[in-house]
Amino acid sequence: MINRSIKTIVSADSIGIASSTLCLIHCITTPFIFIAQACTSSCCATAPIWWKVVDFIFLAISFIAVYFSAKSSSKNWISISLYLLFGMISLLIINEHLIFFDVAIFPLYIAASLLAGLHFYNRKCSKCSNNCCSIKKQNTNYTLINKKTAS
């Protein structure tokens with residue numbers, strides 16, 4: 001009972017949208033923060049440890065949102081796309097911290113934007129995943145049949 005009310009108030013897609021959007025804002029603002037920091041002081045050119053931890057907090061929240069969104073999705077390709085985009089974001093963030101190969105930050109922006117957009121799309125599509133649409137269609141057909149038989 002409580003799980004159902006929490007689920008209706010805050011869906012996994014809503015959390016995913018918020019997490020992806022905040023992650024994107026975090027990624028976009030990082031260069032500006034470091035430019036401002038470099039201008040004000042000559043030391044500490046690297047990111048503070050707490051700022052780097054934020055990346056992994058977003059990854060954890062995003063994984064939870066992707067897991068529950070994919071689980072409740074009515075379309076298989078959405079579930080696969082959610083996991084693929086999350087995997088791409090994870091690899092790019094891990095690479096950013098460990099620097100296995102040199103990659104521009106732009107693919108991370110694209111992946112985070114696509115993930116947020118996919119959560120929006122999934123939220124819109126999954127409204128009728130619990131057979132509510134088929135019940136409405138059946139009720140509409142029932143009333144049409146009753147009108148035909150009544151005349």
Side-chain angles (χ1 to χ4, degrees), residues 1-35 47-151:
M1 183 72 137
I2 294 173
N3 289 340
R4 184 171 281 242
S5 62
I6 291 172
K7 198 175 203 179
T8 57
I9 294 170
V10 180
S11 71
D13 286 315
S14 298
I15 293 170
I17 292 165
S19 177
S20 298
T21 304
L22 289 173
C23 176
L24 187 61
I25 291 168
H26 169 75
C27 293
I28 290 172
T29 59
T30 298
F32 296 112
I33 290 171
F34 293 126
I35 289 170
I49 193 73
W50 64 268
W51 190 258
K52 291 179 181 181
V53 170
V54 170
D55 291 338
F56 295 102
I57 291 171
F58 281 131
L59 276 180
I61 294 169
S62 292
F63 176 75
I64 293 167
V66 165
Y67 174 77
F68 285 109
S69 294
K71 190 175 174 181
S72 67
S73 179
S74 60
K75 298 183 181 189
N76 194 33
W77 70 268
I78 292 176
S79 300
I80 293 169
S81 299
L82 285 168
Y83 280 116
L84 286 175
L85 285 169
F86 174 76
M88 183 178 178
I89 290 170
S90 298
L91 289 175
L92 288 168
I93 288 175
I94 291 169
N95 180 58
E96 185 179 326
H97 289 278
L98 301 176
I99 309 172
F100 292 121
F101 48 92
D102 191 23
V103 177
I105 196 73
F106 190 66
L108 185 60
Y109 298 159
I110 292 172
S113 299
L114 288 173
L115 187 60
L118 196 58
H119 277 293
F120 271 116
Y121 182 76
N122 189 42
R123 187 172 66 174
K124 181 181 176 187
C125 279
S126 65
K127 285 183 180 178
C128 291
S129 64
N130 58 0
N131 295 332
C132 67
C133 293
S134 61
I135 292 170
K136 287 180 185 176
K137 287 178 185 174
Q138 289 172 356
N139 288 342
T140 305
N141 291 338
Y142 180 74
T143 56
L144 289 174
I145 291 170
N146 283 342
K147 287 181 182 177
K148 287 179 184 176
T149 57
S151 25

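As a basis for the values below, the full set of heavy atoms in this structure was taken, side chains included, without hydrogen atoms, waters or symmetry mates. The shown structure was predicted, so the numbers you read here are calculated from the model rather than taken from an experiment.
By the 4.5 Å heavy-atom criterion applied to side chains, I15 and I64 are not counted as neighbours. Side-chain atoms of P107 and L92, non-hydrogen and from C-beta on, do get closer than 4.5 Å to each other. Annotation: side chain of E96 is in contact with side chain of L108 (closest heavy-atom distance under 4.5 Å). Side-chain contact check for D13 versus K124: every heavy-atom pair is 4.5 Å or farther apart. Side-chain contact check for L115 versus H119: some heavy-atom pair is nearer than 4.5 Å.
Residue L114 holds its CG atom at 8.0 Å from CG of L118, rounded to the nearest 0.5 Å. For the atom pair OG of S73 and OH of Y121, the computed distance is 9.0 Å after rounding to the nearest 0.5 Å. Separation of atoms CD1 (I105) and CD1 (I93) is listed at 8.0 Å; rounding is to 0.5 Å. Going from atom CG of L91 over to atom CZ of F101 covers 7.0 Å, rounded to the nearest 0.5 Å. How far CD1 of I25 is from CZ of F58: 8.5 Å, rounded to the nearest 0.5 Å. Remark: I78 CD1 to N122 CG distance equals 4.5 Å, nearest 0.5 Å.
When all heavy atoms of S20 and A116 are compared, the closest pair comes out as CB-CB, 3.6 Å. Closest heavy-atom contact between F86 and V66: CB-CG2, 4.1 Å. Closest heavy-atom contact between N95 and F100: OD1-N, 2.8 Å.
Within 6.0 Å of OH in Y109 there are more than 12 heavy atoms belonging to other residues, nucleotides or ligands. The number of heavy atoms from other shown groups lying within 6.0 Å of OH (Y67) does not exceed 12.
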